[in-house]
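Notes to accompany the following structure.
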2 protein chains.
Amino acid sequence: MTQHACDHDHSHDTTTINVDARLKAAEALCVASGERLTAPRLRTYELILGNNGPMKAYDVIDRFHPEGAAKPPTVYRALSFLEQMGLIHRIESLNAFVACATPANVDHHHTHTAAFLLCDCCGQSEEIATLSLADIEHQAQHLGFEVKHITVEAKGRCKTCR
Amino acid sequence: MTQHACDHDHSHDTTTINVDARLKAAEALCVASGERLTAPRLRTYELILGNNGPMKAYDVIDRFHPEGAAKPPTVYRALSFLEQMGLIHRIESLNAFVACATPANVDHHHTHTAAFLLCDCCGQSEEIATLSLADIEHQAQHLGFEVKHITVEAKGRCKTCR
DNA sequence: AGTGGTTATGTTATTAAATAACACGGACGT
DNA sequence: ACGTCCGTGTTATTTAATAACATAACCACT
Ligand SMILES: [Zn+2]
Ligand SMILES: [Zn+2]
Ligand SMILES: [Zn+2]
Ligand SMILES: [Zn+2]
C-alpha cells in the first residue's frame, strides 16, 4: 500500500500478524500437501506477511534480498504458488497481493473465495466473508457456466479515512 | 478475447450488438449529461462494441486508425470516460474492457456494479446481475467502510467450453 | 468578435507489470 | 547411479499504464 491521497492520521494503518506462527503453519501445510516451501516462497510469504496491507509484486522484488533486488520470475513464481496454496490472495484491481486472513492449514486445505474492502485513501485492506455468492453460482449454473474462481472487490473509503 | 486454450468449436464466440443504435444512444446520453462524445471516445466505443468479447486496451490502440496505431493516452483517456459514463466495464482480472450489456441511457444515467462470467477457454464474457451485494454493503457498513465500487468476476468455463 | 477559464487532445517519454524461453540444479524414487 | 520431475537462475522481451507538458477546441461572458 502506501498511497495517502490525504493528510489525515494513518496510525490505523497497522496490522498485527504473528509472522513466525504463520510461517510455521505454512511449512506444515506444505509438508502435509506434499509441496515444498522453498526459500524464495518462504521469503516472499514473509515479506507479504510483514507488509502493512496489499503489496505490489515489484515491492517484493525490491525487498527480496538485503543487498539488491530479485529477478521478477523468482517472485512471480512464488506468488503463484502461495496463491494456489491459499496463503495469499491476489487483488486484481490493485495488481497487488495480500496475506489471507484465514489461510489454509493442515486441517483445512482449501483456497477460498474472498471479498475485500479496499481503502482508496490509506490502501488498507480488510478481508471479509463472501456471502451469497451462491447467487452468482446459481446464475452461472443456469447458464451452464462452470465457476472456478470469483473475484469480489469493494473499493471505497475505510472508517478512519472517510 | 481470442485465446483458445483448446481445439473445440468456438462458433458460439459471436455476439450480436446493434452498434449503430448503441452509438446513437451513447451520443444522446452524453448530450443529456452535458458531456461530449468526441471522436476518440466514439471510435473507442465503436471498437469495443464491435469486438467479440472483452478487448485489450492495446488492441484498441492498434486498431484505432486504419493506417497506424493510436497513442496510448488517447485511448486510455477514452476508456476512462466511457467507463465513467456507464457505457463499458473494465474487467480487472483480464486487463480488458467490454461494452456494458445494459448501458446507461438518457432515462437511466447510472453506472451500475456488474458481475461477469469469464470463460478461460474462449475468452467470452457474460454480464450478469449482481445479486446480494447488499451483503457486502452490509458488512462494509458495519465496519464503517464506504463502498464506492464493487468488482465481481467469476472465472471458469462457459457452457460450450466445458 | 474578443477574452479568459475549462476541458479535451496530441505528443514524447517513462514507468510499471508480467511472461517467454532456456539452461541449470537439486530432490526423489528405482 | 540414473532418469525424471520440479523448481530455480538468468536474460530478454512483451504488455500495460501513466507522467508531463504543449496545443487546440469549447463555452460563457463581455
Ligand atoms: Zn482469505
Ligand atoms: Zn483508509
Ligand atoms: Zn453493465
Ligand atoms: Zn467458452
Calculate the interatomic distance between [X] atom [atom1] and [N] atom [atom2]; express it in whole Å.
{"X": "B:Y58", "N": "C:dA18", "atom1": "OH", "atom2": "C1'", "answer": "14 Å"}
{"X": "B:L82", "N": "C:dA8", "atom1": "CG", "atom2": "P", "answer": "12 Å"}
{"X": "A:K56", "N": "C:dA18", "atom1": "NZ", "atom2": "C1'", "answer": "12 Å"}
{"X": "A:D59", "N": "C:dA16", "atom1": "CG", "atom2": "P", "answer": "10 Å"}
{"X": "B:L37", "N": "D:dA25", "atom1": "CG", "atom2": "P", "answer": "18 Å"}
{"X": "B:E92", "N": "C:dA18", "atom1": "CD", "atom2": "P", "answer": "12 Å"}
{"X": "A:L94", "N": "C:dA16", "atom1": "CG", "atom2": "P", "answer": "16 Å"}

Exercise: identify the closest heavy-atom pair between [X] and [Y]:
{"X": "A:S33", "Y": "A:H109", "value": "OG-CE1, 3.2 Å"}
{"X": "A:L87", "Y": "A:A104", "value": "CD2-O, 4.1 Å"}
{"X": "B:R43", "Y": "B:F64", "value": "NE-O, 2.8 Å"}

message: I want to check one thing: is the phosphate of C:dA18, taken as OP1 and OP2, less than 4.0 Å away from some side-chain N or O of A:N95?
response: yes
- prompt: Taking only N and O in the side chain of A:Y76, is any of them less than 4.0 Å away from OP1 or OP2 of C:dA18?
  reply: yes
Derivation of the side chain to side chain contact (heavy atoms under 4.5 Å, CB included) call for B:E127 and B:V98: CA-CA 9 Å; B:E127 182 174 350; B:V98 69; 5.6 Å; no
query: When every nucleotide of nucleotides 3-13 of chain D is labelled 5' to 3' by its protein contacts under 4.0 Å (heavy atoms), B for base, S for sugar-phosphate only, - for none, what sequence of letters results?
result: ----SBBBB--
field: Name of the residue among B:V60, B:V19, B:D59, B:I17 meeting side-chain contact (heavy atoms from CB on, under 4.5 Å) with B:I48
entry: B:V60
- request: Using a heavy-atom cut-off of under 4.0 Å over every strand shown, decide if B:R90 touches base, sugar-phosphate, or nothing.
  value: sugar-phosphate
message: Any non-hydrogen side-chain atom of A:E27 less than 4.5 Å from a side-chain atom of A:V31?
response: yes
